[in-house]
Amino acid sequence: MAQRYSSPPDPHAFREAVWDIVRSIPPGSVATYGQIANLVKIPGGISPQDYRAFAPRWVGGAMASCPPDVPWQRVINSQGKISLSGMAGARQRELLESEGIIFDERERIDLKQFAWVGPG
DNA sequence: TCCTTGACTCAGA
DNA sequence: CTCTGAGCCAAGG
């Protein structure tokens with residue numbers, strides 16, 4: 001639902017940065033919330049430690065409401081699994097499979113094989 | 001007003 | 001590999 005946890009110093013800028021990174025994930029690859037968070041520049045006024053603890057959830061919050069041109073389906077959790085439930089989760093799996101992503105019998109993606117290597 | 005519930009990750013066992 | 005609990009905060013019942 002509308003859980004915001006603690007918000008980043010500049011929520012707007014943070015979301016923009018997150019969307020920008022997600023847009024650069026190529027089809028057939030996936031990235032974790034933590035990976036995205038790690039690519040966003042740490043906002044001023046927050047310790048790297050706190051950032052690491054909460055940024056992944058901020059990323060989730062950013063994904064909860066993103067522009068139509070953002071491939072939100074390519075963002076999953078650190079376990080290689082979809083964090084959505086119900087129809088949204090089924091939808092995400094459909095989209096990923098249509099890109100060639102393979103799911104485990106445990107509904108899990110092999111990150112060794114499909115994880116995005118980053119912008120570089 | 002209290003309790004539950006989240007687009008999360010990490011360290012332990 | 002799987003299962004717990006901690007860290008944090010806000011909306012809804």
Side-chain angles (χ1 to χ4, degrees):
Chain A
M1 297 299 270
Q3 97 275 38
R4 205 106 302 171
Y5 302 98
S6 54
S7 299
D10 188 342
H12 178 70
F14 186 82
R15 283 200 301 272
E16 291 283 331
V18 169
W19 296 337
D20 219 42
I21 290 168
V22 175
R23 269 190 282 256
S24 64
I25 303 175
S29 296
V30 296
T32 68
Y33 295 94
Q35 186 180 357
I36 302 294
N38 194 36
L39 290 172
V40 175
K41 185 172 72 73
I42 299 181
I46 180 172
S47 72
Q49 203 169 42
D50 285 343
Y51 181 79
R52 196 188 65 169
F54 304 113
R57 311 202 333 188
W58 298 341
V59 172
M63 300 312 296
S65 62
C66 63
D69 64 319
V70 175
W72 58 272
Q73 73 274 20
R74 297 183 193 137
V75 184
I76 60 179
N77 63 34
S78 66
Q79 304 170 59
K81 293 195 295 190
I82 289 175
S83 284
L84 293 171
S85 57
M87 274 180 46
R91 170 68 174 154
Q92 181 168 13
R93 177 172 178 162
E94 258 179 49
L95 289 169
L96 290 176
E97 288 184 322
S98 73
E99 293 182 357
I101 304 283
I102 305 300
F103 281 79
D104 222 323
E105 59 269 4
R106 283 198 173 292
E107 303 284 307
R108 207 180 42 189
I109 296 172
D110 181 8
L111 289 177
K112 298 289 186 186
Q113 185 178 355
F114 296 106
W116 180 42
V117 191

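Proteins come first, then strands; the chains are lettered A, B, ... in the order of their sequence lines, and each starts at number 1. Fair warning: this is a prediction, and the values are worked out from it, not measured in the lab.
Heavy-atom contacts from other residues, nucleotides or ligands closer than 6.0 Å to CZ of A/R23 number more than 12.
If you take CD on A/Q49 and CD1 on A/I42, they are separated by 11.0 Å, rounding to the nearest 0.5 Å. Rounded to the nearest 0.5 Å, atoms CD1 (A/I109) and OG1 (A/T32) are 11.5 Å apart. Note: A/I82 CD1 to A/Q92 CD = 4.0 Å, rounded to the nearest 0.5 Å.
Between A/G34 and A/P56, the shortest heavy-atom contact is CA-CG, 4.2 Å. Taking each heavy atom of A/M63 and A/V75 in turn, the nearest pair found is CE-CG2, 4.0 Å. Between A/S98 and A/L95, the closest heavy-atom pair is OG-O, 2.6 Å.
Side chain of A/Y51 to backbone of A/K41: no donor-acceptor contact under 3.5 angstrom is found. Under the 3.5 Å distance criterion, the side-chain polar atoms of A/Q35 are matched with a main-chain donor or acceptor of A/W116.
The distance between atom OH of A/Y33 and atom P of B/dC8, rounded to the nearest whole Å, is 6 Å. Note: CH2 (A/W58) to C1' (C/dG7) measures 12 Å, nearest angstrom. One can place CZ of A/F14 at 12 Å from C1' of B/dC8, the figure rounded to the nearest angstrom. In this structure, A/E107 places its CD atom 17 Å from C1' of B/dA7, rounding to the nearest Å. For the pair A/Y51 OH and B/dC8 C1', the interatomic distance rounds to 13 Å; values are reported in whole Å. Going from atom CH2 of A/W19 over to atom P of B/dA7 covers 17 Å, rounded to whole Å.
The side chain of A/F54 lies closest to C/dG7, out of B/dC10, B/dT9, C/dG7. Residue A/P56 has its side chain nearest to B/dT9 when only B/dA7, B/dT9, B/dC10 are considered. When each of B/dC8, B/dC10, B/dA7 is scored by its nearest atom to the side-chain atoms of A/N77, the top-ranked nucleotide is B/dC8.
Here, C/dG13 and B/dA7 have their C1' atoms 22 Å apart, quoted to the whole Å. Distance noted for atom P between C/dT4 and B/dT5: 16 Å (whole Å).
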Sort me out a list of protein N/O and nucleotides 1-3 of chain C N/O pairs below 3.5 Å, or just none if empty.
residue, atom, partner, partner atom, Å
C/dT2, OP1, A/R106, NE, 3.1
C/dT2, OP2, A/R108, NH1, 3.2

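Contacts of residues 79-104 of chain A with DNA chain B (heavy atom under 4.0 Å): A/S83, A/L84.
Judged by distance alone with a 3.5 Å cut-off, a donor-acceptor contact links the side chain of A/R57 to the base of C/dC8.
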